[in-house]
Amino acid sequence: MLLVISLLFCLLHHSHGSAYNVMNYGAKGDGKTDDTKAFQEAWQQLCNDVGPKSRLTIPLTKTFLVGPINFQGPCKSPSIHLRILGTIVAPDNPSSWNNCETGAWLFFANVNGLIIDGDGTIDGRGNAWWTKSLTDIAKEFKCAIPPSALHFENCNGLRLRHLKHRDSPRNHISLSRCSYSTISNLDIAAPANSPNTDGIDVSLSTQIQILDSVIKTGDDCIALINGSSQINITGINCGPGHGISIGSLGINGEYATAEGIYVRNCNFSGTQNGARIKTWQGGSGYARDITFEQITLHNVNNPILIDQYYCPGGNNCPKETSAVKISGINYRFFQGTSSSRTAINFDCSNKVACSGISLDQINITSTVIGESTIARCNNAYGASSSTEPSATCLIR
Ligand SMILES: *[C@@H]1O[C@H](CO)[C@@H](O)[C@H](O)[C@H]1NC(C)=O
Ligand SMILES: *[C@@H]1O[C@H](CO)[C@@H](O)[C@H](O)[C@H]1NC(C)=O
Ligand SMILES: *[C@@H]1O[C@H](CO)[C@@H](O)[C@H](O)[C@H]1NC(C)=O
Ligand SMILES: *[C@@H]1O[C@H](CO)[C@@H](O)[C@H](O)[C@H]1NC(C)=O
């Protein structure tokens, strides 16, 4: 009888995959004890489980202090579920991180079909990093740059949703070499003055959706960097922050690409930029087939911006003669206010013109009552209709 029951249990167990709980691996969840080992061991079990639906729970009402973790795949199950109900926090003193190998605090590599959800919080405690110079970070923390909070490397079918992300040392979430993935219903926040705290960065990835999220940070809400293609972004509330950016592309003369990007139904509030494309002088490659539509702006400094002279931290960038080619850029249904006079600014490369810029149904007024907004163009080809401020500076 016992044999039959345990056999049955085994069968059930096997066919549904197992449910793991990090508490069963020695985690304390008191916010003080280092639970890194427990997370690593629980992950090993989860990743080795044949599934098909294996799950690891990080329980509610507890706070887990963990250092850098390398969540390595490939895993045996085609679907791995990490359910974060409680809070995960990074060490408050970065000198105890002791590992900058992966460039991220929570690093996931080569895991297919990964689902991370659960209404929990991931707190990177970035403050200790933000206040240090890169020299001090190298000396004291043995890191070249502050780490990302959450990085996904080489993922397929990632579902990241319903989580709170707080105070990353650098960008909150980054994806590289990922495909067919969806990020949704996130709440990402860091102080408006925290450096380089992008919300979500995407590079070398295709077929990605970013949906229905609130992002308030000190840098780009979303940045689509080199090798981003077929990316849909909808339902994002951005601000404070630096807007949704394509780029920067082409640093140090690099070849870089971005294409097939569709940003729809997004709000920008008090941001430095709205829809921005930024490239460095001297690069090559292209940014093309990009659409921004149904955009609401409240008090945005550069609502529509193409900046091919991107040079953060001043004008020390040497003059170059090549550039990332920008073409096929559509802006439709923009409504709202600009905090600067130049609501539309196409500052294209003097050597490589922007082409195929299209503006339609745009109405951006000034935050200052009685002041009008303007459009500026440099070497920008395209056409506009129903656009306020009028963009007659575009070359037809
Ligand atoms: C993006 O949206 C378009 C239009 O709705 C759709 O055809 C396309 O499949 C979407 N791409 C992704 C990656 O979700
Ligand atoms: C940009 O991505 C392309 C592939 O799309 C790659 O060939 C190139 O090396 C990348 N550039 C950089 C600087 O990473
Ligand atoms: C943008 O803000 C308006 C109100 O200002 C709201 O109705 C709309 O749902 C918001 N859109 C998104 C994507 O959150
Ligand atoms: C543009 O927006 C302003 C402020 O919302 C509004 O008063 C004005 O009528 C709009 N213009 C057009 C052409 O829709």
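Each ligand, and each atom within it, is numbered from 1 in the order the structure gives. Values in this document were obtained by computation on a predicted structure and should not be read as measured data.
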| request: Go through the structure and list residues passing ring pair (Phe, Tyr, Trp, His ring centres under 6.0 Å) with Trp280, not counting sequence neighbours. | output: Tyr310
| How would you list, by chain and number, every residue that makes a side chain to side chain donor-acceptor pair (under 3.5 Å) with Glu140, sequence neighbours excluded? | Lys132
| message | Can you see whether Ser339 engages Asn301 through a side-chain donor-acceptor pair at a distance of less than 3.5 angstrom? | response | yes
| said: Tell me whether the count of non-hydrogen atoms from other residues, nucleotides or ligands lying under 6.0 Å of OH in Tyr180 goes above 12. | reply: no
| request: Report the part of Gln335 in contact with ligand 4, treating N, CA, C, O as backbone and CB onward as side chain, heavy atoms under 4.0 Å; options are side chain, backbone, both, neither. | output: side chain
| task | Check ligand 2 against Asn226 and write out every atom of the ligand that is under 4.0 Å from a heavy-atom position of the residue. | result | 1 (C), 2 (O), 3 (C), 8 (C), 10 (C), 11 (N), 12 (C), 14 (O)
| field | For Tyr255, the rest of its hydrophobic cluster, which grows through side-chain links under 4.5 angstrom | value | Tyr286
| said: Does either side chain, that of Asp30 or that of Thr33, offer a donor lying less than 3.5 Å from an acceptor on the other one? | reply: yes
| query | When only distance counts, is Asn363 in polar contact with ligand 4, meaning an N/O pair under 3.5 Å? | reply | yes
| query | Is Cys238 close enough to Cys266 that their SG atoms are under 2.5 Å apart? | reply | no
| Against heavy atoms of Glu254, which atoms of ligand 2 measure under 4.0 Å? | 13 (C)
| request: Below 4.0 Å from any atom of ligand 1, which residues have a heavy atom? Give them in chain and number order, please. | output: Gln207, Ile208, Gln209, Gln230, Asn232
| message | Once you restrict to heavy atoms under 4.0 Å, what part of Leu204 touches ligand 2? Side chain, backbone, both or neither. | response | side chain
| request: Can you spot which of Asp198, Thr217, Asp201 makes a side-chain hydrogen bond (donor to acceptor under 3.5 Å, both in side chains) with Asn171? | output: Asp201
